[in-house]
Amino acid sequence: MNFHFLCFFPSHPINGVGSPCRSSPTKAPLPHGSLYRHSHMEEKLFRTTCSTDLCFAIFTSFALIWIFLCFDYSTFRFSDNGVLIASSVFSTNKLPLHHPCSGRYLFIHNIPSRFNLDLIRDCQSLTRGTDKSDMCPYFQNSGLGPEIEDSRGVFFNSSLFKTNQFLLEVIFHNRIKQYECLTNDSAMASVIYVPFYAGLDISRHLWNPNISARDSSARDFVRLISEKPEWKRMFGRDHFFVAGRISWDFRRKTDEGSDWGSILRFLPESHNMTMLSIEASSWKNDFAIPYPTYFHPSKRSEVVEWQNLMRARRRPHLFTFIGAPRPDLKDSVRGMVIKQCRDSSLCKFMDCSSNGVNCDDPITTMKAFQSSIFCLQPPGDSYTRRSIFDSILGGCIPVFFNPGTAYSQYLWHFPENQTAYSVYIPVRDARIWSGSIEGILKGISKERESAMREEVIRMIPRIVYADPRSSSWDFEDAFDLAIKGILERVEDVRRKIREGRDPGEGFDDPDDFKYTFSSRD
């Protein structure tokens, strides 16, 4: 039977009667001439009459009951502080799966300029610890540095810059501003980027014995971020920032003024954030991404042209080492490497000490990499070196002596098959190691050498940062791989939440075996 609703609105201008709302069958109209039948029908109608408010209340009640019965309560979970939270706040799939930005949206936090732009304006204060008399020129061209105009045949186009390794955070920030899936709605974002130039900030205070001065910005930073509404969604586990220094510069373990670095990564709030830097620590909330090189292409054709140039290079030197001796690191691997290189007629050694070659000149260093088959990469002041990436850019096969120099670092950017692109000579103790680097490298067949060099050349687009001023990128660069890595990391946290597991499980745990030699070494 079909029904319709008949409603008379309150305070009718004719009868002033309140508004009965009734439902009645849509059959023939009431018959005439029968008072009894008419009165009987009115009585029936009256019995089916209700007020508007009552009808609405009944309808609403039934609707709410239906919703409660059908709701999937598995989408709720208890937060860290015991509050029941809808897990939908941890899901950002608000777009169709085929949408190119589905699961890729990124939100940039707007923080005070003292944490980023003011540091650039005060670039004169950033010179100590960089071996540069003036850091200001390196902020040109969105952090890429001055263009290399006269390459003396080493470089071939206008995509080469005198880039400083400490400006990774500036380059990354400018690159992320051009990211195709930015959003102004933080609720839609899969990850949240915080543009804190932590490396530039700490570089002003690393040598200051006053730890309060060293830690001031770090404490202010975490306090500011943790008070923002976006923090409450995942308590910071979807937040990340980038630093152009090694992670150890932010992990001071004591309050002694003689201890190195700031306390940033040991602050409670910082445990829940991920830091991308040129060298990761042994904690699982630090990830390493490539050092900036001198090459910043704007399009794929420039990369292909560069790769072809590296394939055609003549390489007269079997192996090369570019670096400075470390007299304070007695019996170090670096010292052993320098000695063997000096003793070999097949090795080219470029001494970067104050009395040696100007290794700050990109033309000089790149020419050496481009003329060598293998490039030695021993640890120095820390596990990693910028030279790793400059040598790969030059088509030179890297030779590693410690797993912490590359294999346990650049997990998002280097191939899993380590032997495909590098030579590994594990040296646990340089004092008792009696092997011959020259002998090992001479023993590698020409076929394997060619295959490794080709793999190195194929890696080039993965380890360079495209020019952030361009908008015509058509290849996947180091930035793209870093964003893909952080998106996957945060999605893994959301997956744990959906499965009812602890989102902090394994997020910031220490990995004591990250830099140790395997049992087969």
Side-chain angles (χ1 to χ4, degrees), residues 130 132 138-148 151 154-172 174-175 199 242-246 276-279 288-300 302-310 313 320 322-323 350 352 359-372 375 377 380 384-398 405-406 409-410 412-414 421-422 453 455-470 473 475-482:
T130 63
K132 306 293 180 292
Y138 293 97
F139 289 95
Q140 297 177 31
N141 299 311
S142 299
L144 303 183
E147 288 188 27
I148 298 175
S151 65
V154 176
F155 300 123
F156 68 96
N157 61 28
S158 59
S159 298
L160 282 302
F161 301 83
K162 204 171 183 180
T163 305
N164 186 282
Q165 69 182 48
F166 295 108
L167 296 194
L168 173 61
E169 53 218 62
V170 179
I171 297 170
F172 203 97
N174 286 318
R175 181 77 166 79
V242 179
R245 299 191 70 94
I246 63 174
L276 312 183
S277 64
I278 54 178
E279 178 179 318
I289 60 177
Y291 284 71
T293 67
Y294 302 115
F295 185 40
H296 302 283
S298 299
K299 49 191 176 182
R300 182 177 182 79
E302 295 177 353
V303 178
V304 173
E305 187 178 1
W306 178 269
Q307 290 174 308
N308 289 335
L309 182 65
M310 295 306 104
R313 283 287 181 180
T320 287
I322 300 178
M350 284 183 56
C352 296
C359 294
D360 191 41
D361 178 14
I363 298 172
T364 302
T365 55
M366 289 305 300
K367 187 175 181 180
F369 291 137
Q370 292 174 12
S371 62
S372 302
C375 290
Q377 304 295 350
T384 66
R385 311 177 70 217
R386 173 187 174 148
S387 173
I388 298 169
F389 300 95
D390 288 336
S391 66
I392 291 174
L393 182 62
C396 190
I397 302 166
T405 303
Q409 292 281 351
Y410 308 101
W412 297 339
H413 296 79
F414 283 2
Y421 69 93
S422 66
R453 180 163 54 253
E455 184 64 28
V456 166
I457 291 173
R458 282 200 294 261
M459 290 170 61
I460 290 175
R462 301 171 61 89
I463 59 98
V464 299
Y465 295 93
D467 191 333
R469 301 166 301 170
S470 174
W473 308 295
F475 69 98
E476 196 171 54
D477 71 339
F479 168 85
D480 293 317
L481 293 173

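In this text, all values refer to a predicted model and were calculated from it rather than measured experimentally.
- With Y294 as the aromatic partner, R386 meets the cation-pi criteria of under 6.0 angstrom to the ring centre and within 45 degrees of the ring axis.
- Residue R300 places its CZ atom among 12 or fewer non-hydrogen atoms of other residues, nucleotides or ligands, all under 6.0 Å distant.
- Shown are L144, I289, T163; of these, the side-chain contact (heavy atoms from CB on, under 4.5 Å) with Y465 is made only by I289.
- Contact of the D467 side chain with the F161 side chain is registered, since non-hydrogen atoms from C-beta on lie closer than 4.5 Å.
- A donor-acceptor contact under 3.5 angstrom links the side chains of S159 and E302, judged on distance only.
- Smallest separation of non-hydrogen atoms from A368 and M350: CB-SD, 3.4 Å.
- Across all their heavy atoms, I278 and I246 have their closest contact at CG1-N, 3.8 Å.
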Determine whether T384 and Q409 satisfy the following criterion, side chain to side chain donor-acceptor pair (under 3.5 Å), listing intermediate values before the conclusion. CA-CA 8 Å; T384 66; Q409 292 281 351; 5.7 Å; no
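- The distance from the OG atom of S422 to the CD atom of E455 is 10.0 Å, given to the nearest 0.5 Å.
- A heavy-atom distance below 4.5 Å is found between the side chains of W306 and L393.
- Between F414 and F389, the ring-plane angle classifies as tilted under the 30° and 60° cut-offs.
- For the pair N308 (side chain) and E305 (backbone), a donor-acceptor distance under 3.5 Å is absent.
- Counting heavy atoms from C-beta on, the side chains of P362 and L160 never come closer than 4.5 Å.
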